[in-house]
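Please read the structure below before turning to the comments.
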Amino acid sequence: MTKGAQSTEEFDAWVKIRSLWTSVDDADFYRSLAEKYGRPVVDLGIGDGRVASVSLPDVGVDISPESLRRCEEALDGQVALLQADLADYTLGEPARLSYASLNTFNHILDSEHRVRVFRNVLRNTQPGGFLVFDAANTSRESLLKYDRIPVEQARTEEFVFYLNETVLDADRLLTAYHGVLERLDNGSTVSRSHLPPLHRVYVPPHQFAIELSRAGWQIENLCGGFDLSPYSSTSRKQIWTATRAG
């Protein structure tokens with residue numbers, strides 16, 4: 001993860017429960033890109049190493065100490081880890097491929113901050129290298145329709161986890177996640193803990209295109225899913241591919 005309006009402490013709190021409810025088809029996608037484009041490969045916002053355990057990048061960057069601690073344990077030292085904001089890190093060797101999974105750039109709330117990140121990734125990319133990332137996609141109408149409706153994300157005999165997304169600014173597509181973890185005993189709730197709000201902004205495709213271009217990237221493609229289906233306004237994902245000119 002990287003820093004937006006959130007603190008590292010808030011990211012640390014979320015990474016402790018992220019594995020309980022995260023299940024998406026992105027790890028194989030990013031592994032295939034590493035095989036296609038070659039190395040070095042860098043995971044931007046590596047988190048707890050969920051994707052990296054499959055894609056096996058050479059370097060992982062994250063601002064959250066708790067994320068990196070868990071990632072180190074999960075990957076057993078196979079990946080070099082850097083604690084840094086994505087706008088500030090420096091690699092020993094420029095990347096052939098940098099990727100950002102699980103909506104990393106949706107958590108960078110400020111447009112100028114995203115541009116600084118994109119410029120820094122470009123600086124750390126070899127000529128002809130690539131940046132690929134996924135981002136959550138939605139509409140203003142959809143946000144308002146599901147505003148403040150709790151959604152069960154995971155359930156076992158020991159716990160149930162709910163996610164509640166609250167619209168903070170519908171025009172900016174800015175929301176806050178509220179997570180609730182209930183501990184269970186014989187099916188009954190015995191304790192309940194609340195995670196600190198984690199903010200997210202849904203960046204429209206035209207805005208990402210402007211920001212990438214300002215940062216010096218050449219946009220190659222925008223798809224609507226990990227199957228590389230064409231993007232449409234109803235796609236739940238944006239999958240971006242950009243390259244640094246050779």
Q | Residue pair D147, E165: steps toward the side-chain contact (heavy atoms from CB on, under 4.5 Å) verdict | A | CA-CA 6 Å; D147 183 28; E165 191 168 15; over 6 Å; no
Q. Any side-chain heavy atom of D48 sitting closer than 4.5 Å to one from C71?
A. no
(Q) For a 4.5 angstrom cut-off between non-hydrogen side-chain atoms, does L75 reach S53? (A) yes
Q: Evaluate the side-chain proximity of Q126 to P40: yes if any heavy-atom separation is below 4.5 Å, no if none is.
A: yes
Q. Do N221 and Y231 have side-chain N/O donor and acceptor atoms under 3.5 Å apart?
A. no
**Q.** Sole residue of Y202, W217, F133 in ring pair (Phe, Tyr, Trp, His ring centres under 6.0 Å) with F208
**A.** F133
(Q) On a heavy-atom basis, which atom in Y89 and which in N120 lie closest, and how many Å separate them? (A) O-ND2, 3.0 Å
Q: Verify whether the ring centers belonging to F29 and Y99 lie closer than 6.0 Å.
A: no
**Q.** T156 side-chain N/O to E158 backbone N/O, donor-acceptor pair under 3.5 Å
**A.** yes
Q: Please check if any side-chain donor atom of N186 sits under 3.5 Å from a side-chain acceptor atom of S188, or the reverse.
A: no
(Q) Taking the basic N atoms (NZ, or NE/NH1/NH2) and the acidic carboxylate oxygens, is any pair closer than 4.0 Å for R69 and E66? (A) yes
Q. So do the side chains of D26 and V51 get within less than 4.5 Å of each other, counting heavy atoms only?
A. yes
Q) Same cluster for V160 and V190 if Ile/Leu/Val/Met/Phe/Trp/Tyr side chains link at under 4.5 Å? A) no
Q.
Looking only at the side chains, is there a donor atom on one of Q207 and S111 sitting less than 3.5 Å from an acceptor on the other?
A. yes
Q. Would you call P205 and W240 a side-chain contact if the rule is heavy atoms closer than 4.5 Å?
A. yes
Q.
I'd like to know if the side chain of D134 pairs up with that of Y30 as donor and acceptor (distance under 3.5 Å, no hydrogens or angles considered).
A. yes
Q: Indicate whether the side chain of Q218 and that of T243 have a donor and an acceptor atom separated by less than 3.5 Å.
A: no
Q) Side chains of H199 and T175: closer than 4.5 Å at any heavy-atom pair? A) no
Q: Considering non-hydrogen atoms only, spot the tightest contact between L143 and V167 and give its length.
A: O-CG2, 3.6 Å
Q. Hey, are R236 and T138 close enough side-chain-wise for a donor-acceptor pair under 3.5 Å?
A. no
**Q.** Flag if over 12 foreign heavy atoms under 6.0 Å of CD, E152
**A.** yes
Q: With sequence neighbours excluded, give me every salt bridge (charged side-chain N to carboxylate O under 4.0 Å, His left out) pair touching residues 213-225.
A: E112-R214
